[in-house]
There are 2 protein chains.
Amino acid sequence: MSLRHALLGLLAHGSASGYDLLGTFQGSLANVWPATQSQLYGELNRLADAGLISVVAEGPRGRKEYAITDTGRAELQRWLTEEEPERNRRNDMLLRVFLLDLVEPAQARAFLDREAALAAERHESLRKLDESIEWDDSPLSRYGRLTLEWGLRATAMHREWAEWAAARIDAGGRRRGG
Amino acid sequence: MSLRHALLGLLAHGSASGYDLLGTFQGSLANVWPATQSQLYGELNRLADAGLISVVAEGPRGRKEYAITDTGRAELQRWLTEEEPERNRRNDMLLRVFLLDLVEPAQARAFLDREAALAAERHESLRKLDESIEWDDSPLSRYGRLTLEWGLRATAMHREWAEWAAARIDAGGRRRGG
DNA sequence: CTTTGATATGTCAGTAGTGACATGTGCGCG
DNA sequence: CGCGCACATGTCACTACTGACATATCAAAG
């Protein structure tokens, strides 16, 4: 149920409409906690029903501006400090590696090459993003930078691993022969 | 729908019952693609209905032994070589880091310390697992080792990042003062 | 012989997330 | 003035996954 807390967290930084929040989810939050429009509007209504947020203004085109309530802030604090983060262990890519003995070594090698290339691409795109942002001393800037750094390190690690693994497949093939 | 392909992949290595497969999902596959019992039995029936697997023997206690069919093998091949792995971007832990400016620096620091400690623990447990397994030249051994190595590198990276981030929070606090 | 635990499969209600569809409005540009 | 795009919210059917419940059997230990 982290979407709930993501919304509370964003609203804790300032009131906003569903549409505004959607923009954030498709922007800076896309790499951390993506959400679809339908899910978002539904959750906002549920949060309002539960009294964790409330409509503070209505604008043109039916726009509803939400703000976090005291109850909502308390819940957010509780979540941040007391609740253990859910570790998402499912990894489609690793599942495939686990089963990679079912295809020819050349295909396994191609798979890992592709992983390495994609990780490199993703790393580069994060690096550019990092450069393009004007980081300042604001709290959001400080912690946003930490998450981006995680992405940089994760993509670097993934690339190195894939290259190592690809080389190991070649070595394994040779070992079988000799 | 990767559970489907995980099951096909396991059955491609040899026929087994739902109960056997459940053991694998709670064992070696737990860190890659966990699945509950209810989900597993349901999917096996759906796979059999679709003709991707078939019951090849019935044992005591209603045991049903499944084997992969040619259609199933073809589908597995297609999945492994043609379908792009789903990248799971949702990360509860990173979402919290992103919102960590909402709590006191000391609490943020504690959060990251805990992350570092947990990553170290997980790394150590994987290292022991690695040592305890007698890796041979079998294909399953070779590719299983690659996934484990990914885990080792991921936990190491995560720990280093958390330690770096914790230090950065301290530095940020001082910078604000000076 | 009885009890216990591992083997073995199944159902069900509920939650989270997806993608498509539906609908209407205000703003700026030509 | 009217056209199109961005703004803005909502519904719906479907899929994946979870945790709890239900049920029965065989083997071994006491």
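In the text below, chain A, chain B and the rest are named by the order of the sequence lines, each starting its count at 1.
- With contacts defined as side-chain heavy-atom distances shorter than 4.5 Å, the pair B/Lys64/B/Ser17 does not qualify.
- Residue-to-nucleotide contacts include a donor-acceptor pair under 3.5 Å from the side chain of B/Gln37 to the base of C/dT9.
- Summarising the geometry, the separation between CG on A/Leu21 and P on D/dG10 is reported as 13 Å, rounded to the nearest angstrom.
- Remark: C1' of D/dC17 and CG of A/Asp92 are 15 Å apart, rounded to the nearest angstrom.
- Ranking C/dG17, C/dA6, D/dT9 by closeness to the B/Tyr19 side chain, first place goes to C/dA6.
- Considering only the side chain of A/Arg90, D/dC17 comes nearest among D/dC17, C/dT18, D/dG19.
- Below 30°, between 30° and 60°, or above 60°: for A/His158 and B/Trp150 the angle between ring planes is above 60°, a perpendicular geometry.
- Residue A/Phe25 contributes atom CZ, which lies 14 Å from atom P of D/dT9 at whole-angstrom precision.
- A salt bridge is defined here as a Lys NZ or Arg NE, NH1 or NH2 lying under 4.0 Å from an Asp or Glu carboxylate O, and A/Arg145 with A/Asp136 fails to meet this definition.
- If you take CD of B/Gln39 and P of C/dT9, they are 16 Å apart, rounded to a whole angstrom.
- To the nearest angstrom, C1' of D/dG10 lies 13 Å from CG of A/Leu22.
- Interface remark: the A/Ser38 side chain does not form any donor-acceptor pair with the D/dG10 base, using a distance-only criterion of under 3.5 Å.
- The side chain to side chain donor-acceptor pair (under 3.5 Å) test with A/Glu75 is passed by exactly one of A/Arg78, A/Arg73, A/Gln77: A/Arg78.
- In summary, A/Arg63 and A/Glu58 do not engage in a salt bridge, as defined by a charged side-chain N under 4.0 Å from a carboxylate O.
- Less than 4.0 Å separates DNA chain D from at least one heavy atom of each of the following residues of residues 44-68 of chain B: B/Pro60, B/Arg61.
- At a threshold of 4.0 Å, the pair A/Glu84-B/Arg96 does not count as salt-bridged, since none of the basic side-chain nitrogens sits closer than that to a carboxylate oxygen.
- A side-chain N or O of A/Asp101 and one of B/His13 form a donor-acceptor pair less than 3.5 Å apart.
- Rounded to whole angstrom, the span from the CG atom of A/Leu40 across to the C1' atom of C/dT18 amounts to 14 Å.
- The interatomic distance linking B/Tyr41 (OH) with D/dT18 (P) rounds to 16 Å, in whole Å.
- Counting to the nearest Å, the C1' atom of D/dA8 and the CD atom of A/Gln26 are 13 Å from each other.
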